[in-house]
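One structure below.
Just so you know, ligand 1 is whichever comes first in the structure, and atom 1 is the first atom listed for that ligand. Only this structure's heavy atoms are used, side chains among them; waters, hydrogens and symmetry mates stay out.
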Amino acid sequence: MKITSAEFVKSAFNKSHWTTDGLPEIAFLGRSNVGKSSLINSLLGRKGLARTSNTPGRTQSINFFLINESFYFVDLPGYGYAKVSKQTRSDWGKMAEEYLAKRDELRLSIQLVDSRHKPTELDLQLNEWLKFYAKNHIIAATKADKLSNNRLSKNLRQTEEAFPESKVIAYSSVTGKGKDALWQEIAEALKKEKI
Ligand code: GTP
Ligand code: MG
C-alpha cells in the first residue's frame, strides 16, 4: 500500500476519547516491549511516529494514527510488565478489553509475539480471548532479525503449534522482513465489511 499520509491523532485513556468518525481500524496488541510501536513505524516507513523505547510499559494509552485519511492504526498498551502497579495493570485490562470487545470499527487485530521466546501465559490468554470473541486476527512474530534462519524456522514452527488456529507472519522492524505479507493482510481486512 502506498502511504500518502500518516499522522498521530490522539491518545485515549477511556472510551470517551475514542475517535468517532467511523473509519475502520487495525489494532496492534502484545506484551510490553515486544515491538508494537516499532512495527507500526516500520509498516508506515515513518521513524518516529509511534514512540518506541527501551523502557517497557511506555505506551500506557490507546494511540490512534490516521493513515491515508481512510483508516486508523491503533497502538494498544503493552501487557505483562511486572513492574507497573496493580492499579495500572487492571487499568490496562479494562481499557484494552473494552476496546476489543466493543469496537465496531475494528477490522483486524495483529497480535505480536517475540519470535525468540515461547509465548507467555498472557500471550496465550489474549489469543484465546480473540478466538472466543471470533475476532479477525493474525500473529506477527517480531524481532526476527535477532535469530539465525535456522533458529527462526524452528521458532516459527513452535509458534504455529502454540497458536494452531492463527496465521503467523515473521516480522523484523529492522530489516523490513514480513512487511509486504502483513500489508497484504491489512489490505484484505480493510476491504471487508464489519466483522
Ligand atoms: P511498549 O510500548 O512499552 O508496550 O513497547 P512496544 O511493544 O511498543 O515496543 P517498542 O516498539 O518500543 O520496542 C521495544 C524495544 O525493542 C526497542 O528497543 C526497539 O528498538 C526494539 N525492537 C522492536 N522491534 C524490533 C525488531 O524487529 N528488531 C530488533 N532488533 N529490535 C526491535
Ligand atoms: Mg509502544
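- The parts of N33 lying near ligand 1 are both backbone and side chain, judged by heavy-atom distances below 4.0 Å.
- Distances from atom 26 (C) of ligand 1 to the heavy atoms of D145, L39, N63, T142 put D145 nearest.
- In terms of N/O distances under 3.5 Å, ligand 1 is approached by V34.
- Taking every non-hydrogen atom of S38 and a distance limit under 4.0 Å, the qualifying atoms of ligand 1 come out as 10 (P), 11 (O), 13 (O), 19 (C), 23 (C), 24 (N).
- In this structure, F13 and H17 have perpendicular ring planes: the angle between them is above 60°, well past the 30° mark.
- Contact check on D123 versus K118 returns no salt bridge, with no Lys/Arg side-chain nitrogen under 4.0 Å from an Asp/Glu carboxylate oxygen.
- Polar contact with ligand 1: present for S37 (N/O pair, distance under 3.5 Å).
- Residue contact check for ligand 1: S172 places a non-hydrogen atom closer than 4.0 Å to it.
- Side-chain atoms of S148 and N150 form no donor-acceptor pair, as typed in the model, at a separation below 3.5 Å.
- For the residue pair N136/S109, the side-chain donor-acceptor check at 3.5 Å is not satisfied.
- Among L49, L39, L29, I40, the single residue meeting the side chain to side chain contact (heavy atoms under 4.5 Å, CB included) criterion with D75 is I40.
- Salt bridge present: K167 and E185 bring a charged side-chain N and a carboxylate O closer than 4.0 Å.
- With a cut-off of 2.8 Å, the Mg ion (ligand 2) has an N, O or S atom of S37 in range.
- Considering backbone and side-chain N/O of P77, none are found under 3.5 Å from N/O of ligand 1.
- Note on E188 versus K191: salt bridge recorded, some NZ/NE/NH1/NH2 to OD/OE distance being below 4.0 Å.
- Less than 4.0 angstrom separates some heavy atom of G78 from each of these atoms of ligand 1: 4 (O).
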